[in-house]
Structure formats: C-alpha cells, structure tokens
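Just below is one structure, and these are the notes that go with it.
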4 protein chains.
Amino acid sequence: MSFGHLIKLSLFGESHGPAVGCVLDAPPPGYSLDLEALARHMARRAPGQAGPWSTSRKEADAFEIVSGFYQGKTTGTPLAAVIRNTNTRSGDYANLAVVPRPGHADLTGRIRYKGANDPNGGGHFSGRVTAPLTFAGGVALQILATFGIEIHARIVEIGGVEDRTEISPLQGLPDISSRPFPVLDEAVGTQIVAAIDAARRSLDSLGGVIEVRATGVPAGVGSPFFNRVESRLGAMFFSINAVRGVTFGDGFAASRSRGSLNNDPPTPSPDGSLAHIGRTSNHAGGAEGGISTGLPIIARLAFKPTPSILQEQQSVNLETNEKTPLSVRGRHDPCIVVRAVPVVESAMAFALLDLMLEHGCFPMTPA
Amino acid sequence: MSFGHLIKLSLFGESHGPAVGCVLDAPPPGYSLDLEALARHMARRAPGQAGPWSTSRKEADAFEIVSGFYQGKTTGTPLAAVIRNTNTRSGDYANLAVVPRPGHADLTGRIRYKGANDPNGGGHFSGRVTAPLTFAGGVALQILATFGIEIHARIVEIGGVEDRTEISPLQGLPDISSRPFPVLDEAVGTQIVAAIDAARRSLDSLGGVIEVRATGVPAGVGSPFFNRVESRLGAMFFSINAVRGVTFGDGFAASRSRGSLNNDPPTPSPDGSLAHIGRTSNHAGGAEGGISTGLPIIARLAFKPTPSILQEQQSVNLETNEKTPLSVRGRHDPCIVVRAVPVVESAMAFALLDLMLEHGCFPMTPA
Amino acid sequence: MSFGHLIKLSLFGESHGPAVGCVLDAPPPGYSLDLEALARHMARRAPGQAGPWSTSRKEADAFEIVSGFYQGKTTGTPLAAVIRNTNTRSGDYANLAVVPRPGHADLTGRIRYKGANDPNGGGHFSGRVTAPLTFAGGVALQILATFGIEIHARIVEIGGVEDRTEISPLQGLPDISSRPFPVLDEAVGTQIVAAIDAARRSLDSLGGVIEVRATGVPAGVGSPFFNRVESRLGAMFFSINAVRGVTFGDGFAASRSRGSLNNDPPTPSPDGSLAHIGRTSNHAGGAEGGISTGLPIIARLAFKPTPSILQEQQSVNLETNEKTPLSVRGRHDPCIVVRAVPVVESAMAFALLDLMLEHGCFPMTPA
Amino acid sequence: MSFGHLIKLSLFGESHGPAVGCVLDAPPPGYSLDLEALARHMARRAPGQAGPWSTSRKEADAFEIVSGFYQGKTTGTPLAAVIRNTNTRSGDYANLAVVPRPGHADLTGRIRYKGANDPNGGGHFSGRVTAPLTFAGGVALQILATFGIEIHARIVEIGGVEDRTEISPLQGLPDISSRPFPVLDEAVGTQIVAAIDAARRSLDSLGGVIEVRATGVPAGVGSPFFNRVESRLGAMFFSINAVRGVTFGDGFAASRSRGSLNNDPPTPSPDGSLAHIGRTSNHAGGAEGGISTGLPIIARLAFKPTPSILQEQQSVNLETNEKTPLSVRGRHDPCIVVRAVPVVESAMAFALLDLMLEHGCFPMTPA
C-alpha cells in the first residue's frame, strides 16, 4: 500500500517481471528536476558495482518518467516512472518455490499470497523494488535541496567492523556520495571491503549499520503521537528490506543515560525567533515531543545479513514436508548495506517531504 | 491524526484539560469486553503507584464508554471512551510557557502550534494521553485473546541495571502483569527500584528498555514494504512518548551476525500445513520479508530518561531570549519505563489487531 | 470511519446511548471559537422544535468540549466534544429488533453487525449522530468565516411544494438561519409547513430538496479525479442520512443542455490576477475540471421521506420469517429536511475546510 | 490521490505525454484475468469509434501489465499497467495555454498548478485518464464476476432524447456491451445518434444520463456515515470527468414521494437467512442506512455536454486580460456519454470491490 499523507508513493514490480516503478501522487508543481543527477543517485544503488559486496546482475536502472514531468519541471499531477528489468535469469529460482530460503520471504510470501505471487528473484519482496523507492527519494531530495535541506548517510559498521569517526550531532554528515565506498574513515572502508570479500568467499553474508542525517529541517515539523517525526520516519525506515532496528539520536544509549545528561539545554536564538533557538547538544537527534527542533535529524538503521547465501543450509521441502538441505543459486549481494546507503537517504527524503508538505513548509511552487 | 487501516484510533485530550479519551472506529461487532479486566489493565499504567518511580498525581483513570458497547459487547460501531482528569494542578506549569523544560515538548510544541496549545502539564504531549491508548489496547488485547493471541512485556533494563533472564525467542513472555514490579528477575527488580529511588533523590531521572512479545499471531500477516509487520508496529511504537529506538528480533546484534547464523532454518510442519512450518531459531523476531512467521513477534523499545527533572537545568527565557536556569516543579515520574510496560503491550495489541483485521484473520464476529 | 485528509472527523454515539460526539483531528491552531454562536447553530438542528416537522424528543444538544480548546481558541491538537443524550425512551424500540422498519437500517444494520449493534432509536444509524457532525461543521464554518467564506442553505422543495425564488448562481444564498423556517419565499414556507402537518396527521412523512452555496472559496482548490471538489463534497453529502441524490450547478439539467449553452465564458480579471477571472454564468456550480473557479459552489441534495412512519406497514418478523404488519412507535420527524438544513451547511463546511487545508489556503494560524 | 481503502487505485498520465496508466495496490491474489475480455472492455471506451460521437483520435489503448500478474493470475502484490499514447498532436493545443476553453480545466488547472501542468489535450485532466480507470475497473469486474456480481450500464438519455424502457428495479440491466450503441431501445438509439450527429455538425456538444446497476452484491456491505455505499460510490462517480449529478434508487423523485410509498417492505426470506430477506420494491436502489440490501444497487449519473466545442466562444486572453473569441481545434467527442458507459461500470466495480474487500466478503483467494 502507499506511503504518505500529502504525497503518496506507490511502488510496484517484481524482480524478474517486466519492470519495477512507482507513482508519486504528487510532488508540488514547478520544481525542476535534474535527471542526470537523479541517474547518478540511482547508480549508487544499482547492482553490478565494482566491489565484492554487489551482485553480478547488471542493470542500468534506467528510468523512464511517463507522467507528471513537463518542460523539465514537476507538473503537480502524479509523477510515474518505469524502470525496465533487463537482466533476469528466472531459472535460478525454479526450486525455491519448493524449498524456501531460510530468512527470506519465500515461505512467508507463499503463505501470505496463497502461492500466487511471483517467486522469481524474490518477486515483489526483492530488494530490486528499492530502485523505484530510490527514484522517488531522489526526486524528494532535489525538492528538499531547494530549501536548503540536505540528507546524507554513511556506513557506520559492517560485520562488526566499525567506523568510529565522530561527527558532532549538531552537524550533518559530509556528502560522500561520489566516493567509491560510502564510509567516512577510508581505512576502515578498506577493512570492511575485505571483510565482505571474506564473507563472500566463505559463501556467507554480512549485515551492518547505516547512519543518516538531515540538516535544514525547520523547527516545528511533526505532531504528537502518530505523526511524530520518529513515527513517520520509523514507519518508512522499517519498510526497507532487512532493517531490524531503528534509533533516533542517542537511541539505546539514551536509555542508559540520566535526564540531567540526556536533555539538550536550549540556547538563545541568534535572531530572537523561537524557531532558531539552539541547543548545546543533540542527544535527541533532532526531535523533542515528536517535533523537529531545527537541529540535525539523526537516525541509525540496523540491517541483517543478506539471507540468500550460497553455503548449504537446512530448509524444508514444501511438497514432502521433510528437512532438505538447500544451496541457493542466483546472484546475490554478500552485503546489501553498501547499496542501501542511497536507499536510506531516499527513504528519509520522501518521508520528510511528505511531512513538510503537510505542515505547509513549502510554497505550492518554488519562487 | 488517527492510527490504523481497518480500525482507526483517535486520541484526544490534554493533561490538565477536562478529559482525555479515544475513539476506536471500530472494533468488530459482538466481542465481549470484561470491563473489570480492562480497569486492572489500565491501573498498571495509572499514576500514583506505590513506588518511587511514579508521580504522586493521583488519578483513578476511570473510563466511561459512551458509545459502541451494548449489552456487554462491542457493537461494531465506533467505541468511544472518556477518562476525566481529576487531579490537576496547572499552577505548577505557569512559568514553563516562558522558560521551556529542556528535552520536553514545551518549546517545539509552542513553535508547532504558534503558542495556541495548552502548555499545562505538557498538554496533549503529556504521557497522560497514553491512558486512552492503554484503554484502546486493552480492548484489542481482549479481542486478540479470543484467538489465542497473547502479548506480554517486561522491563529488560533501567538505568543500566539489566535483567539478563533468558527466555527462548521461540516462546512468549510469561504474564507478570499482577506483579508489583514488571521484571522477570525480582532481585534485579529490587536493584532497579533502588536505582530509580536514588535518581529521584538526586532530582534526576532514568530511562530503560522494554521487551514485548506477541504469541499466537498466525503466519502470513503483513505485506511487503509499507505494511510490513515491522513498519506498522514501528510506527506505533515510535508514537509512544520517549521512545528513541525500536528493534525486532536480534535487532542491532543481527547487524553483526552472518547470514549462516542469523537465518532461521525452517522445520517440517507438525500437521503438514504451510502455516505451521516452524523454525529452529527466531533471530528474525517473528517476521520474514515483513510477514509474520507464526513464531513470537519480539520487539525491544528504548526509552529516554524523563525530561522533567527537579534539579536545576539551563534553559532560555523566551521573552528575553536569555539563558535562564530552570527548576521544574510539578509531579513527575523519575522513570516512566515502569508505567510504560502496559502501554507497550497496548500499542502492540492495537497495531496487530488492525493488521489482522486487514488480512481477514478474524471473522467479523466471534463464533 | 473518519472523514478528511488534513483534518479528520470521527463521529461516535448511539441515539439512546450515554452520548454522541466527535473528534476533529485537528483544526489549525489559534482560531477563536464563539461557543454561543456554535450553540445557536446546533439549535437549528436540535429536536423538539416548535413546528410540525420535528420529533417531540427534547434535547438541548448541549456540547462539552473536552479537549483541543484553550483560552477561547483552538489549540491545533484534537478537538473533542461530547453531547449527552438526556431524553431517551428505549422501550419504544423493543420490537424493532424483531420486526424491522421498512426503509430504515434496522434490518441491514442487524445483518452488517451480526445483531450486536444497539437498535434503540436506530443506534449509530440515527439522525442523532448528525448532532456532532453539525458541531464539527459549526467549528469549520467559524474558521472559514475568518477568510470570508460563507455557506448558507435553504429548502428548495418539500413534498413537491417548490420555492421557485431565483437567486443568481453568481451569488451566494442569503443568511436565513435566524428565520423560524429556512425557506426564501415565506409564503411557500407556510404551504410547506401545512403539507408537513398534513403528512404528519396522516401518519406519513415527506422528503425534499436542499440547496447549499459556498461563497468566497478561492479559485484553484481541488485536484483531478479522486479529489475533485465534487468528489470530496459528494462523499460528504452522501454520508448524510436519507440523501438519495446530489448535484452540482445545473445538475441533471446540464445533461440536457448543449456545450455552447452550458459552458461558462470567462471574463477579464478585475485586478489582472488569474485567480480573479470571472465567468458570465455559473452553470458549473463553482468547479471546472474538479477545481474551484472562485464562483459560488452550488449543490442540491435530495432527501427521501423519513422511513419511520406511524401508519401500519408490511414487514417481516425475523424470528418467524413471516409477513407481519408493523406500527412504528417512538418519536419521529415527519420530515427531516427542515432540521437537515444546518447539517448540510455543516457537512459542506467541514469538507471544504479539509480541502482548503490540503491546499495550503490557510495560514497555520490566523493573523 | 488514490482511491480505496483495502485496494488503492492510483492513476497517472497526461493526454499527450508518453503514457497513461495505473497501479492497483493490490487485488487479492490468485484471480485469473482474461486479458482478451479486458481488451474488449477497454475497446468500448477507446477513441476512434465508428460513430459521430467519437473523436477521430485513434488509440488502440493497448495495455501492458508490468507487475502483479503471474502465470495468468493476480499475485496479490501491486498490479501496474501502462497504456502508451501513440496518436498525439500537441500542436492543436498551443493557444489554449493563453486562451482557455470555457467549461474546461484549462484555466482552473493553470491556477491550481501555477502554470506548471501539461496543458496539451487537457493533460492529466483529459478524459484519456479514464482509460486506466477502465482498465482497473475491468480487473475488478472480472474478480466480482467470480462471485456472481454483475455490473451493467446503459444510456438513459442524451440531448434530451430519452430511453423510457422500464426495467424493474428488482432486476439488473441486461448486458448490452456487445451492441454498437449501448441503449436498450435501439430505435431511441438511432434518434440519439442522429441528435449527436446534428450537434456535431452544428459544432456543438451534448450531455446525457447513464444508469448503472450492480446485482449480486450481498446484503450487509457498507457502514453508517462516511462509508455508506452511496458515499463511497458517490465519491467515485463524481471523480469521473463531466459528472454533474449522482442519484441512487429513485433519486430526486424520492424527495417528492411519501414514506408510505417510498419505503420498500421486506418479504420473508426464501431460505430463512436474514441476508436473503427480500423487498417488494426497490425505491432505495439497493441500500438502506448506507448498507446494501442484497437488491440491485442502482445509480444514475448526469454528464454535462463536452466543453470542447468547435464553434466560436468567448474567452479571455490570459496575457492581455482581454475578451477574446476562441475556436477550439483538436479532436473532441461531441458527446462523451457513449464512451463513458464502460467507464461508469468500471468505476462502480472498483469501488464495490474495495468496499467488499473491507467487509471480508471475499476469501483472500478464490476456491
């Protein structure tokens, strides 16, 4: 089902069907979109990257915008994009309908859809459907940028190898989107790549943690309870495949702190306006009472290791109801966390755009 | 705004206004409600408890059901309940409109609502609004119970004092709702109470972690992406005041695991039905691909320390825009985690009931 | 279920239960509400009026606002109101559970809710639930009025007696809310009252048509397809009990016209702005392509005759499944159209407020 | 924005853009779709028909299903379809951005979208977007048919020429979808075609009335107030371009009737079940209290004459703000009512499918 209140996102498509795509219903009218920048954004998620983390499936992830875009700008009516699947090899999945992959949606999806869903490559459950999510978020990122809002993510940890680089929570993350590997400490990056390669060679997979920050979101966005910033972003983040945990600000560390340490004391406003009152710290990660403070909104997402691994696992043959060893074929990422970095940025961008439209933060059209 | 797809929950009320309450639109018809059990459930959340963790504000939290309940059963039309506020002392909050409490919604709420919201006791931001949420969840719990679904929560950790009792993730939690302190290891409970009392005496506050498990949820509930079990529950959990993190199953630990360890291998079905295929482990916490596996759904929630503390803090006088020390008066819990236990169970129950109604898991009426 | 995108309305209550009421989630903050004017607005709908059209049930329809209203203004958080039922006589309805009233929801409601709904006085199906709708619309009317938007309705026809007074569709309707009978031509009003009285004396009932107009709605509100002005208002109007038809502008007469006559030619803008371009006619009734033109939005609603009539009718005994004559007791309006006039205004006001909030027509707070 | 609660429909596309299309999110899994029947259904709406009513634009309206359909069946995941635009001539519309067509969305759309929308051929406001609506409804019709639900529409009146054929409201309409002209009385059909041809030759256009009936909908579907059958269908019907009025059952005639005549007396159930209790008449048009009775659901829709006419009209030059005569070029239907017949059936089918899914009327999958 769709996501969003004032701009709704519908995703469609299966991994090995004709196409994946999305409808954004609808971005505000009159915003210019830089399609080349959008393509570069999507390339960060696309498969076939030159690293050990990536599946060997090659997809250019070329999008065609079929509506809602006219003379270089959003029209304000539904924006739809179609991304053709070109490099499908469904034969790889023939036996998964009978022997489900542990940890994957093969079995639960079959129960949910009474066997009618397309199982090839995970079908609609595939990480491939994050391609149109990345497209949608890329559009949102460009609209948000016109208001000075920036969203950047980074890998914090993979396979237990941690990047301990400290960035003050009063600041955003630097833009490392053009780096080959999205980690702040490049030496740690090298270690992580090695760890992924080792996992790949042992036919296994790794998980990890991504941090994302949005800067420039004005104070006063969000509402108590079901529309708290954390609730809206949390719903979106948990929509991303493989996410097992989401925290804001100090997260679980906050639960071990004390009020006197965890509260972020306000500081006088440089211009006297309430909206620009600062804080001496940002343990809260950008929201108090579910409403943005104007400080960076900071979240961390835990990703589980890719469930599709090449080493033999125990499963059950659904026809015989007997234990069966399973060796997964097909092309899989030994660690999806790397390619998930732009997905996380995109997810946050879309959810924030929706929340801000609801608050009238944007003019209906750019100046 | 409301929560839910097939049963919507609207919460209303301010801490020091005439009443708080809710509308459930609408529970399925014909379900008996045990109002005494509901009152006991709500008493676990009510203020004025005999422990150092609780505010001294006394509220019976007596609910009046004003619609949707007839001859002891749900009617299928909107069920509304009103809980009067009886023990309000708004004078305590007179200065908070001028000098906001750090970490609280005093400032962000004022920005959000342009100063029109009721600031007394936190107004609509108050934890008091979890009383009708607990009512709504209590109704959901009783409906779910008729299908063998049980939800129990426990305190895992407060102020860094941890209850290390191991309960297999293939099982639910025991029902400890009648215990005076909702922790499995009562010795740890004693330590926690002491820690809270020490924090209270030092005019400070503590946070903590709650674990919640639902058993009996059938396999096949949830949908890919925006209606994943984790997305729907995550949105609900992050709606609870003070929650800074939510995890499912192994959570952040999963991000440090490997696919070969983290995947939960299926086991043959005792009765041959797909829905009853088991798993040898439950690292996933009850959902694969966003869809329930039939195993316990397990989540953990991190709560920050209560922001309202009695010791002096730095704030800003909004009239003069100058740094100002603030000593919060009023009656506050030095640790809201204890009273939050039934809130978490209630939140999970409501979100699961909604999700299951959407899936047609329930007959429109009980047998 | 609730109505609205940016402000949601939940209605609750049964005719003979403790109370009816509503939650508005949420009006924009900072709007003053004149509670006396609101009470006068609701009195126009209240039962027990001094005319032959009205049931003899006496209800002051006194509302209590229990949240969302502080220091005379909307807070921006959910506004809830409770209206107690005081004059209930459920004994009148004892046999309707067995022998349903023709044309009423007694039978369909029983099927829908498997017999669990409260049948007394129609339960949640009762016209009594339009009391909180009138409250909600009364709030919306006051907010809209601050922007110069006015909504007035009138009786056009009852029992075939028609008020042929012509009011140019380029204008709104006059405010006749203080008249004892809401019709423009008072001589026709006298005839209508006589017709209702005759129907009442013959133990029968009458239907009729109400016209409603909104002036001051700016051009540019609405969206193609599912959020057309007519779609949003149509959904709301058909939510009112007994409505069997809804038209906009020339309605069915437009279907017999020709493009050359039915199109409304634009006229130059007095100030040069596109939004103030006029039309020489208003056959469209205020919307082109589903989007407001700035001209009056004009609708007509057809109401069926009250199904509850005192003369004997044929029904079926649900226990024996045999034909049974039924004489309805209880207190019923022989024509609900008169009391429906403020309901129609209220319904339109709420739906327009929601639509305009979605379009950012309003500042979050008044100047 | 999307339509639907349990199955959401998003429409996208502009008349002269690359494509129009839709996402159905999501049909229940496992339903076979007959794509040839679907193509025949869509051909009834497609332009370029061999009659004077139809634009000369030729579009095969060939749809490509790009997701949600596997091995001949619905998968239960989002079903997306793309219909390419092939025969566009945007040059025809060059001047409409400056001199808007009276009665069309040229002006209101420009105000709504601040000039950013695609004006060619009406852009997203075009009747062309009813092609994907017809697709979506065609899918719904096939699913409904598996439960014995049939929906058929007919032309009742065009240009004042009326088909007075009486069909008992206790019955559905016959299937006349294979007739060249969708009217019951073929002699009247001939007159109507002549009237349309005359209007066309005088460079003018006609409107008309369509009746639609659904049979086989079980009793008990719908809910009081905002989810009344009439409210849900009304919202959908008013979403169709050019609809100015919607009635159910006797519609405006009911407002001139009396309760004793308008009520539909129940008759004993042939099998004793409440759901099969009949009525001796069906003035209500299939719903009492907003809930289906099990009798045919009957609605009538009034369509205004096509606003795009070839004869000269008065408009305003938006650049000079001066009165300007306008002669519309482009290819337009002199009467869209004929091609709207399958659109109305489709709209009703989709809205009913959604409503019935919400009520659990369907098994998640076919037997």
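Letters A, B, ... mirror the listed sequences (proteins, then strands); counts begin at 1. Side chains included, hydrogens not; waters and symmetry mates left out as well; all remaining heavy atoms used.
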Query raised in the report: Using non-hydrogen atoms only, which part of B:R110 is less than 4.5 Å away from chain A: side chain, backbone, both, or neither?
Result: side chain
**Report entry** Side-chain H-bond candidate by donor/acceptor type, A:T108 with B:T293, under 3.5 Å
**Finding:** no
Query raised in the report: Looking at A:V209, A:D106, A:V129, which one has more heavy-atom pairs under 4.5 Å with chain B than the rest?
Result: A:V129
Report task. Measure A:S292 against the heavy atoms of chain B and call it side chain, backbone, both or neither at under 4.5 Å. Result -> backbone
Query raised in the report: Does any heavy atom of chain A fall under 4.5 Å from the side chain of B:Q313, the backbone, both, or neither of them?
Result: side chain
Report summary line: Answer key: most heavy-atom pairs under 4.5 Å with chain A among B:N317, B:I309, B:L301 is B:I309
Query raised in the report: Just wondering, do B:F238 and A:L233 contact through their side chains at under 4.5 Å, heavy atoms?
Result: no
Query raised in the report: Does the pair A:S239 and B:F226 meet the rule for a side chain to side chain contact (heavy atoms under 4.5 Å, CB included), with working shown?
Result: CA-CA 5 Å; A:S239 299; B:F226 307 125; 3.3 Å; yes
Query raised in the report: What part of B:L203 is in contact with chain A, defined as an atom under 4.5 angstrom from a non-hydrogen atom: side chain, backbone, both or neither?
Result: neither
Query raised in the report: So, B:N263 side chain and A:P307 main chain: donor-acceptor pair closer than 3.5 Å or not?
Result: yes
Requested in this report: Hey, could you give me the CG/CG distance between B:D204 and A:N262, rounded to the nearest 0.5 Å?
Outcome: 10.0 Å
Query raised in the report: Does the side chain of B:T247 come within less than 4.5 Å of A:F252's, by heavy atoms?
Result: yes
Requested in this report: Report yes if the distance between the aromatic ring centroids of B:F3 and A:F225 is under 6.0 Å, otherwise no.
Outcome: no
Requested in this report: Give the minimum heavy-atom separation between A:G251 and B:A302, together with the two atoms involved.
Outcome: O-CB, 4.1 Å
Query raised in the report: Do you know which of B:P305, B:G207, B:P334 has the most heavy-atom pairs under 4.5 Å to chain A?
Result: B:P305
Query raised in the report: Is the closest side-chain heavy-atom distance between B:T267 and A:Q314 below 4.5 Å?
Result: no
Query raised in the report: With a 4.5 angstrom heavy-atom cut-off, which part of B:E312 approaches chain A: side chain, backbone, both or neither?
Result: neither
Report task. Carefully, step by step, assess A:H283 and B:R244 under the rule side chain to side chain contact (heavy atoms under 4.5 Å, CB included). Result -> CA-CA 10 Å; A:H283 298 292; B:R244 308 314 299 152; over 6 Å; no
Query raised in the report: Side chain, backbone, both or neither: which part of A:V337 has an atom under 4.5 Å from a heavy atom of chain B?
Result: neither
Query raised in the report: Highest number of heavy-atom pairs under 4.5 Å with chain A: which of B:R300, B:E288, B:E157?
Result: B:E288
Query raised in the report: Based on non-hydrogen pairs under 4.5 Å, which of A:P268, A:A254, A:G272 is most in contact with chain B?
Result: A:P268
Report task. Please tell me if the side chains of A:F125 and B:S223 come closer than 4.5 Å, counting only heavy atoms from C-beta onward. Result -> no
Requested in this report: Count the heavy-atom pairs under 4.5 Å between each of A:V229, A:T320, A:T306, A:I240 and chain B, then report the option with the highest count.
Outcome: A:I240
Query raised in the report: With chain A, which of B:G234, B:S315, B:A105 has the greatest number of heavy-atom pairs at distances under 4.5 Å?
Result: B:S315
Requested in this report: Return the option, out of B:G259, B:P265, B:A287, with the maximum number of heavy-atom pairs under 4.5 Å with chain A.
Outcome: B:G259
**Report entry** Toward chain A, the part of B:S2 with a non-hydrogen atom under 4.5 Å
**Finding:** backbone
Query raised in the report: Does the side chain to side chain contact (heavy atoms under 4.5 Å, CB included) test come out yes or no for B:R228 and A:V243, once each step is laid out?
Result: CA-CA 11 Å; B:R228 294 167 76 97; A:V243 171; over 6 Å; no
Query - Atom of A:L274, atom of B:I111 and distance for their closest heavy-atom approach - result: O-CD1, 3.5 Å
Query raised in the report: By a 4.5 Å heavy-atom criterion (distance strictly below it), what part of B:S10 contacts chain A: side chain, backbone, both, or neither?
Result: neither
**Report entry** Top of A:G289, A:A299, A:S260 for chain B proximity - count of heavy-atom pairs under 4.5 angstrom
**Finding:** A:S260
Query - Contacting region of B:A253 [heavy-atom separation from chain A under 4.5 Å] - result: neither
Query raised in the report: Does any heavy atom of chain B fall under 4.5 Å from the side chain of A:S281, the backbone, both, or neither of them?
Result: neither
Report task. Could you tell me whether the side chain of B:D250 reaches within less than 4.5 Å of the side chain of A:K304, counting heavy atoms only? Result -> no
**Report entry** For chain B, the option from A:Q311, A:R256, A:R258, A:E230 that forms the most heavy-atom pairs under 4.5 Å
**Finding:** A:R258
Query raised in the report: Would a 4.5 Å heavy-atom cut-off, applied to side chains only, mark B:I277 and A:L318 as touching?
Result: yes
Query raised in the report: Taking every heavy-atom pair that is under 4.5 Å apart, which of B:G220, B:G222, B:S231 has the most such pairs with chain A?
Result: B:S231
Query raised in the report: Where on B:S269 is there a heavy atom nearer than 4.5 Å to chain A: the side chain, the backbone, both, or neither?
Result: both
Query - Heavy-atom proximity to chain B below 4.5 Å, by part of A:H104 - result: backbone
Query raised in the report: Is a side-chain N or O of A:R112 found less than 3.5 angstrom from the main chain of B:V221, in a donor-acceptor match?
Result: no
Query raised in the report: Just how far is it from atom CG of A:L107 to atom CD1 of B:I291, taken to the nearest 0.5 Å?
Result: 10.0 Å
Report summary line: If one checks every heavy atom of B:D264 against chain A at 4.5 Å, the contacting part turns out to be backbone
Report summary line: Applying a strict 4.5 Å limit to non-hydrogen atoms, the region of B:V161 in contact with chain A is neither
Query raised in the report: chain A heavy atoms under 4.5 Å from B:T324: which part of the residue, side chain, backbone, both or neither?
Result: neither
Query raised in the report: A:S257, A:G290, A:C335: which one forms the most heavy-atom pairs within less than 4.5 Å of chain B?
Result: A:S257
